[in-house]
Amino acid sequence: MEIEELLKSNTAQIVKDLYETDFDQSKIIINETRKEFEGDLTVVVFPFSKIAKKKPEDTGIEIGEKLVEKLDFISSFNVVKGFLNLGFTDDYWLKRLAVISQDKSFGFSNSNGKKVVLEYCGPNTNKPIHLGHIRNMTLGFSVAEILKANGYEVHKVNILNDRGIAICKSMLAWQKFGQGETPETNNTKGDHLVGKYYVKFDQELGKEFENWQNSAEANSEYSKWLEEKDGKKSKEEGKEQSELKKQFHKSFKNTYFNQYSALGAEASEMLLKWENDDPEVRQLWKKMNSWVYDGFQQTFDRLGIDFEEHYKESDFYKEGKNMVEAGLGEEKFYRKEDGSIWADLEEYKLDQKILVRNDGTSLYLTQDIAVAQARYNKYKMDLSIYTVGDEQNYHFKALKAVLQKLDKAYADGIHHLSYGMIDLPSGKMKSREGTVVDADFLIDEVVEKARLATMELGKIEDFSSEQAQELFEKIGIGALRFYILNVNPQKRMLFDPEKSVELNGATAVFIQYAYARIQSVLRKYNQDVPTEIKVNKMEPIERELIIALSGFETTVQAAGKDFDPSLIAQYTYNLAKLFNKFWNQCQILNAEDENVKEFRILLSNSCGNILEKGLNLLGIDTTERM
RNA sequence: GGUCUCGUAGCUCAACUGGAUAGAGCAGCUGCCUUCUAAGCAGCAGGUUCCAGGUUCGAGUCCUGGCGGGAUCACCA
């Protein structure tokens with residue numbers, strides 16, 4: 001807000017005049033005045049009282065007097081302790097509202113000429129999208145909208161983890177047990193069908209593993225394990241035999257899969273064939289992936305999220321190696337005796353990181369190097385945002401470091417939009433233990449809940465079934481999005497399925513409802529919204545509303561700077577709350593006189609516009625009626 | 001164990017990056033629909049900000065040391 005800058009520069013000048021000391025303008029602190037005190041904005045004067053060598057109260061009064069003298073929009077001031085509270089004239093706020101109401105793009109910046117590539121979603125193609133992806137998609141989409149509002153040119157992209165052992169498991173299980181069923185024959189969404197076989201594989205592997213556990217091999221591995229650190233430790237702790245075995249089986253599962261399992265061997269063989277371009281395997285892979293993509297697309301459509309491009313890991317997993325080898329030539333990396341190539345990232349306070357295996361194959365990191373380069377070649381972006389969970393914080397630090405080592409200028413623009421894991425009331429989300437929440441299932445739930453709540457209120461009896469369904473989707477999915485976006489992305493959050501579909505209190509519905517009320521009044525008013533303000537005073541709540549509207553600008557900027565939609569969520573909720581208060585205190589259509597009525601229509605309309613903008617930045621739709 | 005991170009009302013989250021008497025929602029209790037949408041509004045109650053020190057005009061926020069969660073330390077992605 002310009003006003004704060006204006007206050008700062010004037011305050012700095014006054015301090016200089018009064019006390020003959022330069023004070024760094026940017027260090028002046030200006031806050032909104034707390035409700036319990038008189039005033040609109042507050043200057044913290046403690047820092048000046050040292051310079052002035054006077055009590056904070058006296059310093060505040062001196063500065064306050066000068067400010068009132070200098071700036072005609074400041075009508076009053078008071079000093080409490082070291083806080084100088086400044087009151088603005090009604091005229092100032094009314095003019096402010098006049099500007100806001102006329103500026104269609106209020107709060108949004110003009111183009112800043114910078115390009116952003118924002119990656120989000122990042123599903124695996126062997127199973128359906130789950131709750132974790134919903135946080136990712138909701139967050140990524142919203143940050144993209146917020147950056148657009150801040151003047152960036154944003155390109156949204158997806159990364160598909162479409163290769164590797166996991167998809168081979170699904171493929172193998174389908175081959176063995178699927179009897180040729182397809183999404184069509186089974187009337188199932190493609191990603192769910194493929195996911196079904198991923199689960200099936202795990203079940204079969206589990207059975208196989210259980211059988212193996214009584215074999216001589218198993219016993220000898222168990223004895224070995226008891227001599228090693230984990231097993232030895234547990235044994236010394238005096239755990240019971242059955243406990244020990246359980247622990248062993250858990251820790252050995254991976255090794256079993258790689259060394260003893262027949263199914264494991266088959267899956268690995270399939271992966272090898274895939275890597276060697278075996279036509280049959282490749283064809284099956286393509287077929288099953290296309291099922292999955294169809295399924296994903298349905299979910300994306302329903303959530304209203306989109307991508308300019310889908311990067312497939314399979315297209316890049318071999319590349320990156322060249323870039324690494326080039327770096328090796330310039331001695332930015334080093335080769336170990338076994339032939340593997342490594343990066344020394346100690347200067348970045350990271351470890352040694354392997355980039356190419358001794359058999360010449362590349363890794364996750366290597367692959368991401370190639371993807372980053374491909375994106376830069378295409379978009380020449382200034383900023384590259386990766387929406388990925390915080391368990392990969394280390395990976396992205398390493399990616400950035402390696403690219404910086406390679407002197408890639410774009411490396412500095414890499415930003416990991418890291419978000420915390422979602423906890424369920426029952427504990428952590430683990431796909432293997434079946435405690436995941438399926439995305440499609442969850443969406444159905446919230447929409448159904450919206451339907452029930454809406455029908456109970458009985459306000460939309462004249463809606464067609466299409467209109468009604470559209471409304472349920474807006475309400476249900478909006479509720480879900482708001483529930484997630486309302487918390488700071490970096491924080492781990494608890495997801496309570498019950499609460500996520502809650503339609504009372506601090507929710508999207510609350511805001512959508514305020515918006516619908518406004519539209520209802522505007523419909524009844526049935527004229528063009530006035531463009532001129534003909535009143536010169538107002539109620540305290542009206543003043544509060546204008547101040548809140550005015551803050552939209554700074555909020556959008558702060559959200560863009562921090563990549564943090566929760567700021568928008570909180571702002572929008574707060575504005576809706578103020579509007580509801582206003583609604584209950586003031587009559588709009590039945591206002592005491594025509595000028596007041598027009599003013600309130602204009603004010604309500606501006607609130608509606610900002611509420612809609614705010615919700616849209618979160619990816620939430622508004623509705624004219626509900 | 002090393003590194004990183006978190007700990008705020010019964011529960012879920014805030015606190016403008018060091019500012020005033022730590023705020024909302026849910027759950028609980030009171031009221032308010034013959035007036036523009038009650039999916040709302042007004043109110044009550046609920047706190048040793050994990051503990052102990054320190055830094056300063058001022059600490060939930062910064063520093064040190066504990067305690068307790070979590071992530072990560074793969075030639076998986």
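First the proteins, then the strands, lettered A, B, ... as listed; each starts at 1. It should be emphasised that the depicted structure is a prediction, and the values quoted were computed from it without experimental measurement. Heavy atoms only: backbone and side chains are in, while hydrogens, waters and symmetry mates are out.
If you check every strand for non-hydrogen atoms under 4.0 Å, A/Glu313 touches sugar and phosphate atoms only. Residue contacts for A/Phe37: at a heavy-atom cut-off of 4.0 Å it reaches a base atom on one of the strands shown. Nucleic acid contact class of A/Asp162 (heavy atoms, under 4.0 Å, all strands): none. Among the atoms of the strands shown, only primed sugar atoms or phosphate atoms (P, OP1, OP2) are found under 4.0 Å from some heavy atom of A/Phe510. Contacts of A/Thr361 with the nucleic acid, taken as non-hydrogen atoms under 4.0 Å apart, are absent. Within 4.0 Å of A/Thr555, counting heavy atoms only, lies no atom of the nucleic acid at all. Within the nucleic acid shown, A/Asn258 has no heavy atom closer than 4.0 Å to any nucleic acid atom. Contacts of A/Ile165 with the nucleic acid, taken as non-hydrogen atoms under 4.0 Å apart, are absent.
Side-chain contact check for A/Tyr120 versus A/Leu417: every heavy-atom pair is 4.5 Å or farther apart.
In this structure, B/C36 makes no Watson-Crick or G-U wobble pair, since no nucleotide meets both defining distances under 3.5 angstrom. As the counterpart of B/A59, no nucleotide is assigned, since no Watson-Crick or G-U wobble pattern has both distances under 3.5 Å. Using N1 to N3 plus N6-O4 or O6-N4 for Watson-Crick, or N1-O2 and O6-N3 for G-U wobble, each under 3.5 Å, B/U72 pairs with B/G2. Pairing for B/U64 is with B/A52, a Watson-Crick or G-U wobble pair whose two hydrogen-bonding atom distances lie under 3.5 Å. The partner of B/C44 is B/G28, judged by Watson-Crick or G-U wobble contacts that both fall below 3.5 Å. Both distances falling under 3.5 Å, in either a Watson-Crick or a G-U wobble arrangement, occur for no nucleotide opposite B/C16.
Set against B/C41, B/A77, B/U72, the side chain of A/Glu391 has B/U72 as its closest nucleotide. Comparing B/A77, B/A39, B/C73 by their closest approach to the side chain of A/Ile475 singles out B/A39.
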Heteroatom pairs (N/O) under 3.5 angstrom, protein to nucleotides 57-63 of chain B:
unit_1	atom_1	unit_2	atom_2	d
B/C57	OP1	A/Lys50	NZ	3.3

Pairs under 3.5 Å (N/O, protein and nucleotides 31-37 of chain B):
unit_1	atom_1	unit_2	atom_2	d
B/U35	O2	A/Gln587	NE2	3.4
B/C36	O3'	A/Lys524	NZ	3.0
B/C36	O2	A/Ile588	N	3.4
B/C36	O2	A/Leu589	N	2.9
B/C36	N3	A/Ile588	N	3.0
B/C36	N4	A/Trp583	O	2.7
B/C36	N4	A/Cys586	O	2.6
B/U37	OP1	A/Ser520	OG	2.5
B/U37	OP2	A/Ser520	OG	3.3
B/U37	OP2	A/Lys524	NZ	2.7
B/U37	O2'	A/Tyr513	OH	2.6
B/U37	O2'	A/Arg517	NE	2.7
B/U37	O2	A/Lys459	NZ	2.7
B/U37	N3	A/Met626	O	3.1
B/U37	O4	A/Met626	N	3.3

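Both cation-pi conditions hold for A/Lys336 and A/Trp342: the charged atom is under 6.0 angstrom from the six-membered ring centre and inside a 45 degree cone around its axis.
A/Glu448 and A/Arg451 are joined by a salt bridge, as a carboxylate oxygen and a charged side-chain nitrogen come within less than 4.0 angstrom of each other. Salt-bridge check for A/Lys474 with A/Glu470: passed, with a basic side-chain N closer than 4.0 Å to an acidic carboxylate O. The pair A/Lys53-A/Asp58 does not meet the salt-bridge criterion, since no charged nitrogen lies less than 4.0 angstrom from a carboxylate oxygen. Using a cutoff of 4.0 Å between basic side-chain nitrogens and carboxylate oxygens, A/Arg34 and A/Glu36 are scored as salt-bridged. One finds a salt bridge joining A/Glu592 and A/Arg600 here, because a Lys/Arg side-chain nitrogen approaches an Asp/Glu carboxylate oxygen to under 4.0 Å.
The CG atom of A/Leu271 sits 12 Å away from the C1' atom of B/A77 (whole-angstrom rounding). Rounded to whole Å, atom C1' of B/C4 lies 17 Å from atom CZ of A/Phe396. In this entry the distance linking NZ of A/Lys577 with P of B/A39 reads 18 Å, nearest Å.
Ring geometry for A/Phe316 against A/Tyr311 counts as tilted: the plane angle lies between 30° and 60°, on a 0 to 90° scale.
Aromatic pair A/Trp274/A/Tyr317: ring centres closer than 6.0 Å.
Residue-to-nucleotide contacts include no donor-acceptor pair under 3.5 Å from the side chain of A/Asn393 to the base of B/C73.
Base orientation for B/U64: anti, the chi torsion being more than 90° from 0. For B/C33, the base adopts the syn conformation, since its glycosidic angle falls within 90 degrees of zero.
With a 6.0 Å radius and a threshold of 12 heavy atoms from other residues, nucleotides or ligands, A/Glu32 has its CD atom at or below the threshold.
Side chains of A/Gln352 and A/Tyr334: a donor on one and an acceptor on the other come within 3.5 Å. No side-chain donor-acceptor contact under 3.5 Å links A/Asn78 and A/Glu38.
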- Item | Annotated protein contacts, base or backbone, on nucleotides 5-18 of chain B with a non-hydrogen cut-off under 4.0 Å, one of B, S, - each | --S----SSS--B-
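With both ends at atom C1', the span from B/U21 to B/A59 equals 16 Å, rounded to whole Å.
In this structure, CZ in A/Arg481 is found 14.0 Å from OG in A/Ser500, a value given to the nearest 0.5 Å.
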